[in-house]
Amino acid sequence: MGKEIDRRPGPEPGLRERKKRETRRRIADIATGLFITRGFDNVTVADVARTADVSVNTVFNYFRTKEDLFFDRQGEMIEAAGQAFRDRRPGEGVVAAFRRRFFEGLDEGDYRTAFHEGSEVWLKTVHDSPALTARMRELGEQLKDALAGVLAEETGAGPDDITPRAAAAMIYAAQGVLIEEIAARKRAGETLKEMRDDVYASAARVFGMLEHGIGDYAPKPALADTVTRPGEDA
């Protein structure tokens, strides 16, 4: 028999560690508020430090770069990418697992789905800043790499097998399209209630395409169907 894995929760963090986490979250929350209100490129780290009543050095003790202040959950997101697959149910494939996870996120208004108040403002802040746009693109690659790594590990895929990377890329591309659609409709003035049915239907359709393939999608009409017959209106 293989060695049994101890899945018991680890010890609770001590007071010092809890205070460090609280300080980190407080600085990030203040920074995000400034970035959203004034624009990422118009706010300096010194502005963040002054508003948070800490030194610039303290900010950099918690965050390596200014972009990290905005994407303060990036580590959590990268870890969750692989964990979502590891936590799949018996008999559940990768698409089904991420489909279920996305719908659970919609139900809960999770920030990963953008189906919550303020998501369009957050994404607009990203799109308005070349630095944040580049970081989001980098984060997307890290998410795909994390999932691809776990897929390769659990399926025994070799280093030259493109399948894990292709599967991860398709899953995150599908989720990205859904998230952008939600944000666009929010920017257009729709409420979450108004778009709810359409969002769930779109998610079902997109994940259905992942599950069943797109081989029969958008075929070109046969020539006989496109030529106007004599006597018919042009």
Side-chain angles (χ1 to χ4, degrees), residues 73-74 76-127 133 136-152 154-155 157 161-223 225-226:
R73 295 185 180 181
Q74 59 187 344
E76 171 189 326
M77 292 176 67
I78 293 168
E79 182 179 352
Q83 197 61 43
F85 179 66
R86 290 190 181 97
D87 291 344
R88 68 196 184 283
R89 296 168 179 172
E92 192 174 51
V94 63
V95 174
F98 273 79
R99 174 189 179 120
R100 173 174 54 79
R101 180 173 179 260
F102 194 84
F103 275 96
E104 289 172 351
L106 292 178
D107 292 341
E108 298 164 4
D110 190 276
Y111 72 90
R112 296 183 186 91
T113 66
F115 196 65
H116 60 84
E117 297 298 341
S119 62
E120 75 283 6
V121 178
W122 192 91
L123 285 170
K124 183 179 184 302
T125 303
V126 173
H127 293 159
T133 299
M136 176 169 264
R137 190 177 300 116
E138 178 184 333
L139 176 57
E141 291 300 316
Q142 291 174 330
L143 290 170
K144 287 186 287 187
D145 288 346
L147 176 56
V150 175
L151 284 168
E154 296 220 4
T155 61
D161 189 344
I162 197 173
T163 310
R165 285 177 286 135
M170 287 189 283
I171 286 169
Y172 275 103
Q175 290 189 162
V177 168
L178 292 168
I179 289 169
E180 287 290 348
E181 177 68 12
I182 291 169
R185 295 180 70 157
K186 287 282 276 103
R187 286 195 298 271
E190 285 190 71
T191 66
L192 296 179
K193 183 177 180 180
E194 288 170 339
M195 72 172 76
R196 183 180 183 85
D197 289 345
D198 283 348
V199 165
Y200 275 73
S202 293
R205 186 161 58 252
V206 167
F207 278 100
M209 293 171 73
L210 283 179
E211 289 176 332
H212 305 298
I214 59 173
D216 60 352
Y217 177 66
K220 185 173 181 177
L223 185 60
D225 296 332
T226 59

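Residues Asp110 and His116 fail the side-chain proximity criterion, which asks for heavy atoms closer than 4.5 Å. You'll find the side chain of Leu147 reaches within 4.5 Å of the side chain of Phe98, heavy atoms only. With a 4.5 Å cut-off on side-chain heavy atoms, Phe102 and Val206 do not count as touching. Within the 4.5 Å cutoff, the side chain of Phe115 has heavy atoms near those of the Met195 side chain.
In this structure, Ala146 and Ala81 approach most closely via the heavy-atom pair CB-CB, 4.2 Å. Contact record, Ala203 with Leu106: CB-CD1, 4.4 Å, taken as the closest heavy-atom pair. A pairwise comparison of heavy atoms in Ala97 and Ala84 identifies CB-O, 4.4 Å as the closest pair. What you find for Ala168 and Leu151 is that their closest heavy atoms are N-CD1, 4.3 Å.
Using a 4.0 Å cut-off between a side-chain N of Lys or Arg and a carboxylate O of Asp or Glu, Glu117 and Lys186 qualify as a salt bridge. Look at Glu154 and Arg88 and you find a salt bridge, because one of the NZ, NE, NH1 or NH2 atoms lies within 4.0 Å of a carboxylate O, short of that distance. Looking at Glu120 and Arg187, no side-chain N of the basic residue comes within less than 4.0 Å of a carboxylate O on the acidic one, giving no salt bridge.
Atom CD1 of Ile78 sits about 11.5 Å away from atom CD of Glu141, to the nearest 0.5 Å. The structure places CD1 of Ile182 at 11.0 Å from CG of Asp198, a figure rounded to the nearest 0.5 Å. Atom CZ in Arg185 sits 12.5 Å away from atom OG in Ser119 (nearest 0.5 Å). One distance of note links CZ of Arg112 with CZ of Arg73; it measures 8.0 Å at 0.5 Å rounding. Distance CZ/Arg101 to OG1/Thr113: 10.0 Å, rounded to 0.5 Å. Interatomic distance, Leu143 CG to Glu79 CD, rounded to the nearest 0.5 Å: 12.0 Å.
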Walk me through whether Leu178 and Val199 qualify under side-chain contact (heavy atoms from CB on, under 4.5 Å).
CA-CA 8 Å; Leu178 292 168; Val199 165; over 6 Å; no
Apply side-chain contact (heavy atoms from CB on, under 4.5 Å) to Met136 and Leu123, showing your working.
CA-CA 10 Å; Met136 176 169 264; Leu123 285 170; 4.0 Å; yes
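Under the 6.0 Å distance and 45° angle rule, Arg100 does not count as a cation-pi partner of Phe103.
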Using atom types as modelled, flag every donor-acceptor pair under 3.5 Å from a side chain in residues 209-217 to any protein atom, sequence neighbours excluded.
residue, atom, partner, partner atom, Å
Glu211, OE1, Arg99, NH1, 3.4

